[in-house]
Protein chains: 2
Amino acid sequence: MADVADLAGVSLKTVSRVVNNAPHVQPELVERVLAAVSELGFRRNPLASSLRSGQTNATIGLLIEEIANPFYATIAGAAAEVARQHDTMLIIASSEEDPAREEQLLRDMCARRVDGLLVVPAGDDHSFLRAEIELGTPMVFLDRPAGGLLADTVLLDNRGGARAGVRRLVEAGHRRIGILLDSIGVYTMRERLDGAQDALAPAGVPYDTRLVRDGVRDPLAAARVVSELLEGPDPPTAFFSLNNRITLGVIEELHRRGSDAAVLGFDDFDVARLVPYPLTVIAYDTRELARTATELLFHRIEGDRSWPRTVVLPTELVARGAPPR
Amino acid sequence: MADVADLAGVSLKTVSRVVNNAPHVQPELVERVLAAVSELGFRRNPLASSLRSGQTNATIGLLIEEIANPFYATIAGAAAEVARQHDTMLIIASSEEDPAREEQLLRDMCARRVDGLLVVPAGDDHSFLRAEIELGTPMVFLDRPAGGLLADTVLLDNRGGARAGVRRLVEAGHRRIGILLDSIGVYTMRERLDGAQDALAPAGVPYDTRLVRDGVRDPLAAARVVSELLEGPDPPTAFFSLNNRITLGVIEELHRRGSDAAVLGFDDFDVARLVPYPLTVIAYDTRELARTATELLFHRIEGDRSWPRTVVLPTELVARGAPPR
DNA sequence: CGCTATTGTGACAACGTTGTCCAAGCCATA
DNA sequence: TATGGCTTGGACAACGTTGTCACAATAGCG
């Protein structure tokens, strides 16, 4: 900047004024400075700028579990889009579901003085962020609530969606429903399971824990569990899979066996149309989830200091897949 | 930091030494400083640090077309993983295939003094980056080559993969092959098309431009084009779709019609196993692509100043999908 | 013509760090 | 006791920028 000032024959401060479009600079000087800027290829260093001004550095952080997962990729895409509308860069970090790593990454982002933070929580204690929040870094949690912290949160209606889906199964006469889930340790899974129970009880269908299988991590495991349940005594006539990875495995196995069990799956997926089996999915708008959260974050960044909000977005039942063979 | 120094009763510089694990500080003082640090909740500001030291700021930038696209999401995931191994943060920005936006984002990232840049090019002129490269910001291009710039590049063997796939179709006796592509303006599409021609010519199969359809943007369009070709005179007996979005549409339409045309698709996709149609895909390792590029970038960051390299990764033919009904 | 507004410009310090350099203290050796 | 080396701590400037303030130049007024 000093070089530019020398070349243009003005003071360093005048250069600063020009590059910041500050008022009260003679048009002629502006011209000279701009000429010098482009001659020297000068570009303002936003880091130094935000160091001095203490103001925003036009960066927000997004913490997710795993970028390569389409759910989080969609979130990242929507967040990036909103960020871009606010001329803000997005830093993305993956916690890989590891609470220790999550804490380290969040601290690191705060140390970088991001303007705000979007967090899909992995751990269940986020009280270490309280100091940051009080220090003025706005944060919005999405998909899952923060642990031990009152903060803005945007969630899906996991429980309501599961309740509506299972109610439909029950109304269709199913009394034995196999339920497959990834991990009961995850908030969304617990909510979905609670929703299923909500729907069973009033219909007088007993909640049979032998039909509920935790720890189903991938399609292969799902296929195996379906086999077990179908070959056991008093097999289920319907399956409720609590995420789309599981749904794929369930369908594959049912298709292979030529079974006609009903399938209800939480999470939609793009190729669902192509799947050779009829199923009902509990769908939701992932982009909307992220968009809502990011917009809330920018409200906070722009100074909204009102009481923390919790927003719950609706889910929808959708019929998918090819009709049975 | 000054507050910490006061509380610990040492000089500011000593605090700096402690937080940087510098040698030659009395263990007792280290203790006092650390106590003060945790009491005051002090955290080093890496931005100010890198401003002063002029050294790395432990951040690399990744420019892709669109985060929500699984291909780019996978790239981002692999890049993030390698970055993490180097204790480096990853900034991700989407160009949305817009060259002007690409230029702006790349300039912005350079202004933020990232340690290096990973770029999936959207535009076809990147000469504006020459100044940055000379200024010492390492860059690696992946999936597509940079335009008008000699730089490190990691590519897939698009042409070879297409050649091998089409050769197999030809060897199976197909003489009329419908080819569907997204946009001839994209480098990878041109390469794949060239590969197809490479395989047709030596087998004496004419390259019939009426069978080549550009501008097929989504599965629906692909289905429509398949219909047209099949209903036209002298319909194709095989289809080569140049990306997986198109493959989905092609299969859906063929399945609907009960056709038994052969399908060759560029790009693998996770649910390919479930697809109710036999197909051959040209697969490749997206994670490996990104990993190779990111590791090359870190070599450069760590001081490798050798001549720019171009790495081409192989593709593989894989049989996928259910056997015909 | 002197007086005050108004506008344009620049000197200076500060943001939070760290590199450089010097000084003080200590010990060992001659 | 004097000399030298080694360890440790601190003063200072600098990284690239901007906020504050003061000053100079111009215009407007009686």
Is there a donor-acceptor contact under 3.5 Å from the side chain of D143(B) to the main chain of L156(B)? no

If the plane angle is over 60° it's perpendicular, under 30° parallel, otherwise tilted; pick one for F141(B) and H126(B). perpendicular

Taking the nucleotide of DNA chain D with the closest heavy atom to each, which residue, S53(B) or P27(B), is nearer the 5' end? P27(B)

Touch check for R44(A), heavy atoms < 4.0 angstrom, all strands: base, sugar-phosphate only, or nothing? sugar-phosphate

For L29(A), report the nucleic acid contact type (base, sugar-phosphate, nothing); a contact means any heavy atom under 4.0 Å. sugar-phosphate

Spell out, as yes or no, whether a donor-acceptor pair under 3.5 Å connects the side chain of D115(A) to the backbone of A58(A). yes

Judged by atom type as modelled, is there a donor-acceptor pair below 3.5 Å linking the side chain of R107(A) to the main-chain atoms of L105(A)? no

R44(A) side chain to S49(A) side chain, donor-acceptor N/O pair below 3.5 angstrom: yes

Tell me what L12(A) touches on the nucleic acid: a base, only sugar-phosphate, or nothing, going by heavy atoms under 4.0 Å. base

Remember a base hit wins even if backbone is also touched, and classify R43(A) as base, sugar-phosphate or nothing at under 4.0 Å, heavy atoms. sugar-phosphate

Could you give all pairs that pass the side-chain hydrogen bond (donor to acceptor under 3.5 Å, both in side chains) test and reach residues 130-140 of chain B, with sequence neighbours left out? R43(A)-E132(B)

Under 4.0 Å, heavy atoms only, any strand: does T14(A) hit a base, just the sugar-phosphate, or nothing? sugar-phosphate

Whole angstrom is fine here: how far is it from CZ in R17(B) over to P in dG10(D)? 8 Å

What is the nucleic acid contact for S49(A), judged by heavy atoms within less than 4.0 Å: base, sugar-phosphate only, or nothing? sugar-phosphate

Go through DNA chain C in 5' to 3' direction and return only the first and the last nucleotide with some atom under 4.0 Å of chain A's heavy atoms. dG8(C) to dG16(C)

By nearest nucleotide on DNA chain C, pick out whichever of K13(B) and L51(B) is the more 5' one. L51(B)

Rounded distance (Å) that lies between atom C1' of dG10(D) and atom CG of D6(B): 14 Å

